[in-house]
2 protein chains.
Amino acid sequence: MSVTIYDVAKKANVSMATVSRVINGNTNVKPITRQKVLDAIEELGFRPNAVARGLASRKTTSVGVIIPDVANLFIADLARGIEDIATMYKYHIILSSSDQQKTKEIDLFYNMLEKQVDGIIFMGTTITDEHIEAFKKANIPVILAATIAESEELASVNIDYYQAIQDAIQFIEEKSKGDIGFVTSPLNNRSNEIRKQSFVDAMKKSGKSDAELEKLIFNSDDTYDSGIQASHYFLGLEEKPETILVSSDELALGVIHGLQDEGLKVPEDIAVVGFDNTRLATMVRPTLTTVMQPMYDIGAVSMRLLTKLLQGEQVEEKQVTLPHRIIERDSTK
Amino acid sequence: MSVTIYDVAKKANVSMATVSRVINGNTNVKPITRQKVLDAIEELGFRPNAVARGLASRKTTSVGVIIPDVANLFIADLARGIEDIATMYKYHIILSSSDQQKTKEIDLFYNMLEKQVDGIIFMGTTITDEHIEAFKKANIPVILAATIAESEELASVNIDYYQAIQDAIQFIEEKSKGDIGFVTSPLNNRSNEIRKQSFVDAMKKSGKSDAELEKLIFNSDDTYDSGIQASHYFLGLEEKPETILVSSDELALGVIHGLQDEGLKVPEDIAVVGFDNTRLATMVRPTLTTVMQPMYDIGAVSMRLLTKLLQGEQVEEKQVTLPHRIIERDSTK
DNA sequence: CTGAAAGCGCTAACAC
DNA sequence: GTGTTAGCGCTTTCAG
């Protein structure tokens with residue numbers, strides 16, 4: 001069938017151990033021997049069987065990546081960041097989508113353990129005790145990417161969502177004294193919950209009553225269409241907000257278009273601020289002012305952190321917080 | 001270290017062969033024995049090591065997927081289609097991006113062979129002899145998804161790109177007698193080449209000279225920004241086209257916004273037709289008339305085809321052509 | 001219906 | 001520097 005290390009050894013008149021040394025770049029091989037082996041490999045078209053290697057060495061050089069959904073620009077950037085760094089460190093990626101379902105998240109996690117991945121990067125919704133139990137049981141490093149866990153033992157890479165919303169509100173208030181509406185993404189996601197809480201806290205601080213506050217919040221499901229619905233909701237209000245702060249860019253496009261479809265002008269009539277800074281933010285008119293969440297970097301840093309953990313490098317801080325910032329474009333005055 | 005099949009066997013007082021039978025759903029096990037084994041598995045928290053299993057059975061139940069770029073909506077849909085079906089058939093996905101580089105495409109391919117994937121779904125640019133050689137050398141099924149190969153031996157799932165452009169042109173000509181401009185995606189991709197050829201053929205048939213034709217084509221690099229450039233190019237022409245046919249939706253958004261930024265109205269002044277029908281097509285004003293390329297289905301059908309090949313099912317036709325159609329929205333009159 | 005035993009292709013001590 | 005020899009954890013004949 002296919003050519004093995006043993007065939008190479010025979011052809012090169014050496015032992016399989018020597019062949020193994022050569023393919024693993026072990027230095028203790030005489031140059032002449034090495035060349036002999038290399039020639040035999042070349043001639044036979046030998047390619048090491050990664051499965052056998054994985055079994056023998058207990059390392060697969062693959063890492064599992066669990067994300068909510070591939071078909072999401074925002075998450076794709078994360079994936080790209082992970083992949084670029086993984087390639088750099090010669091790791092392979094086994095990628096699966098959980099569709100935001102908790103049971104699937106956990107199933108996938110165990111499946112990846114069965115595959116003997118060397119580590120896992122996990123992006124999910126809310127981290128439950130069940131998640132934590134699974135993570136602990138795994139004897140491999142797990143990194144949470146753009147995913148909040150209360151537990152301080154878990155390695156993670158995030159931005160400060162609470163502060164990001166505070167900053168966005170401050171930014172908005174510097175430009176306009178009017179009300180701010182808020183469109184949430186689904187609250188089964190901890191980071192969305194935090195954003196909402198941040199908004200609530202800020203509004204209360206400026207003296208809004210619970211009743212007022214409630215009207216200013218629209219709970220969406222994080223799709224373009226629900227962005228459109230959100231815009232309708234706000235337009236139906238007696239006291240319309242002057243600015244709408246939206247939990248994601250895709251949602252924000254929906255809001256903008258929803259407003260425009262009703263004949264309003266953005267930002268003259270109502271300003272809109274997004275969140276994420278995906279490519280979408282510049283693919284709309286007016287271009288979208290948004291809170292940049294560096295997804296590519298979150299992916300890249302997560303993967304880099306994982307490689308450090310995997311290679312036993314010193315890691316000073318397992319919980320990384322990356323900077324965010326407001327990117328001002330034309331959807332605000 | 002971790003619990004193995006042997007530990008389970010000992011605990012259940014059976015041989016490891018029996019345990020193996022149980023976990024593989026082999027029927028030849030007495031119910032009572034099966035239960036004993038199941039209990040032991042449960043108690044020990046045993047999870048089979050997929051690597052060892054892969055080595056012993058020479059099957060990994062993983063399939064490799066090579067795509068040009070994760071961070072592309074259009075491709076993400078493909079990935080999603082693949083994934084959904086893979087999950088259904090209990091295959092795992094090893095996903096890698098080639099960044100459209102031929103050497104990387106081939107490297108990834110060989111890497112996946114080393115990982116002993118059971119099959120590979122390949123989406124790439126132009127299939128060269130080198131590709132074909134690699135595909136042949138692999139003793140596993142390979143499916144080309146949304147990727148053209150001249151060779152008839154390769155399994156593939158595509159739409160008829162040539163016809164799709166013909167249809168688009170016919171659609172346009174039914175609405176408007178004016179010139180049609182064409183924005184290509186990079187021509188290092190065979191399917192883009194075909195689309196361009198289709199456009200050229202159609203224009204020649206309607207009597208355009210080579211010189212006229214040349215002016216009507218703008219070669220882009222398939223980004224939003226180059227869509228904007230394309231619009232500037234066409235606006236600079238003495239005889240402006242009445243409709244611009246664009247090779248991808250993202251590009252088309254660029255064209256639309258480029259036109260609008262210059263004060264033109266779409267579709268009144270110039271109409272725009274996209275290609276792909278990604279989610280973007282509805283996330284723009286006016287919404288985009290576009291040629292639907294069913295990427296999700298291409299992914300799903302590719303994966304399904306692969307499972308058939310993998311399970312030795314009868315496959316009547318290895319080259320599948322999926323239907324396309326024009327979706328009319330507001331960017332055309 | 002169940003067990004024994006021989007690998008799958010490679011790595012990793014341990015010798016020499 | 002290089003070879004020998006155990007395994008890694010499982011599947012898969014082959015017996016019985």
Side-chain angles (χ1 to χ4, degrees), chain A residues 1-38 40-41 44-62 110-118 139-140, chain B residues 1-38 40-41 44-62 110-118 139-140:
Chain A
M1 153 104 208
S2 64
V3 16
T4 75
I5 201 176
Y6 181 73
D7 302 323
V8 176
K10 209 158 58 176
K11 178 129 206 155
N13 275 314
V14 296
S15 71
M16 38 188 293
T18 301
V19 178
S20 175
R21 287 188 187 102
V22 170
I23 54 187
N24 289 299
N26 191 314
T27 45
N28 288 348
V29 182
K30 216 198 300 183
I32 298 190
T33 317
R34 170 185 306 280
Q35 196 51 52
K36 254 194 327 195
V37 172
L38 256 19
I41 288 178
L44 265 33
F46 166 77
R47 299 203 153 256
N49 179 323
V51 174
R53 177 183 284 185
L55 184 58
S57 69
R58 298 142 159 287
K59 290 205 180 86
T60 56
T61 61
S62 5
Y110 282 118
N111 278 328
M112 291 190 169
L113 292 186
E114 288 184 7
K115 294 262 177 195
Q116 312 301 119
V117 294
D118 295 342
N139 285 311
I140 57 172
Chain B
M1 155 100 207
S2 63
V3 16
T4 75
I5 200 176
Y6 181 72
D7 302 323
V8 176
K10 211 158 57 177
K11 178 130 207 154
N13 275 316
V14 296
S15 70
M16 33 189 294
T18 300
V19 178
S20 175
R21 287 190 187 98
V22 171
I23 54 186
N24 289 300
N26 192 314
T27 44
N28 289 349
V29 182
K30 216 197 299 181
I32 299 192
T33 317
R34 171 186 305 281
Q35 196 52 54
K36 253 195 328 194
V37 172
L38 256 19
I41 288 176
L44 263 33
F46 166 76
R47 299 200 153 257
N49 178 324
V51 173
R53 175 183 285 187
L55 184 58
S57 69
R58 295 142 161 286
K59 290 206 179 84
T60 56
T61 61
S62 13
Y110 282 118
N111 278 329
M112 291 189 169
L113 292 186
E114 288 184 8
K115 294 261 177 195
Q116 312 301 117
V117 294
D118 295 343
N139 286 311
I140 55 171

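Protein chains get the first letters and strands the later ones, always in sequence-line order, with residue 1 at the start of each.
One interatomic measurement links the two molecules: CG of L55(A) to P of dT11(D), which rounds to 12 Å at whole-angstrom precision. The distance from atom CG of N24(A) to atom C1' of dG9(C) is 13 Å, rounded to the nearest whole Å. The interatomic distance linking I23(B) (CD1) with dT12(D) (P) rounds to 11 Å, in whole Å. With rounding to whole Å, K10(B) atom NZ is found 17 Å from dG3(C) atom C1'. When rounded to the nearest whole Å, the span between CD1 of I41(A) and P of dC10(C) equals 10 Å. In this structure, Y6(B) atom OH and dG7(D) atom P are separated by 12 Å, rounded to whole Å. In this structure, Q116(A) atom CD and dC10(D) atom C1' are separated by 11 Å, rounded to whole Å. In this entry the distance linking NZ of K59(A) with P of dG7(D) reads 20 Å, nearest Å.
The shortest side-chain heavy-atom distance between V37(B) and V8(B) falls under the 4.5 Å cut-off. V19(A) has its side chain within reach of V14(A): a pair of non-hydrogen atoms, C-beta onward, lies under 4.5 Å apart. Side-chain contact between R53(B) and N24(B) is present, with heavy atoms from C-beta onward closer than 4.5 Å.
Checking the phosphate oxygens (OP1, OP2) of dG9(C), no side-chain nitrogen or oxygen of R53(A) falls inside 4.0 Å. Look at S20(B) and you won't find any side-chain N or O under 4.0 angstrom from OP1 or OP2 of dC10(D). Within the structure, every side-chain polar atom (N or O) of R58(A) is placed at least 4.0 Å from both OP1 and OP2 of dG7(D).
Nearest heavy atom pair, residue V3(B) against residue F46(B), reads O-CD1, 3.4 Å. Among all heavy-atom pairs drawn from G54(A) and V51(B), the shortest one is C-CG1, 3.9 Å. The shortest heavy-atom contact between A12(A) and A40(A) is CB-CB, 3.9 Å. Looking at every heavy atom in both residues, K115(A) comes nearest to A50(B) through CA-CB, 3.8 Å.
Direction of the helix axis in the helix from dC1(C)-dG16(D) to dC16(C)-dG1(D) shifts by 30° between the two five-pair termini, rounded to 10°.
Distances from the side chain of I5(B) to the nucleotides dC10(D), dT12(D), dG9(C) place dC10(D) closest.
Interatomic distance, OG of S57(B) versus CD of Q116(B), reported as 10.5 Å (0.5 Å rounding).
Legend: residues meeting side chain to side chain donor-acceptor pair (under 3.5 Å) with D7(B), ordered by chain and number and at least two apart, are absent. With sequence neighbours excluded, the residues that form a side chain to side chain donor-acceptor pair (under 3.5 Å) with T60(B) are S62(B), D118(B). Residues that satisfy the side-chain contact (heavy atoms from CB on, under 4.5 Å) test with R34(A), not counting sequence neighbours, are V22(A), V29(A), L38(A).
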Give every pair of a protein N or O atom and an N or O atom of nucleotides 2-6 of chain D that lie under 3.5 Å apart, one pair per line with the distance.
unit_1	atom_1	unit_2	atom_2	d
dT2(D)	OP1	T33(A)	OG1	2.4
dT2(D)	OP2	K30(A)	N	2.6
dT2(D)	OP2	T33(A)	OG1	3.3
dG3(D)	OP2	S15(A)	N	2.8
dG3(D)	OP2	S15(A)	OG	3.2
dG3(D)	OP2	T18(A)	OG1	2.7
dG3(D)	N7	R21(A)	NH1	3.4
dG3(D)	O6	R21(A)	NH2	2.4

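With a 6.0 Å radius and a threshold of 12 heavy atoms from other residues, nucleotides or ligands, Y110(A) has its OH atom above the threshold.
The stretch residues 44-52 of chain A has no heavy atom under 4.0 Å from DNA chain D, so no residue of it qualifies as close.
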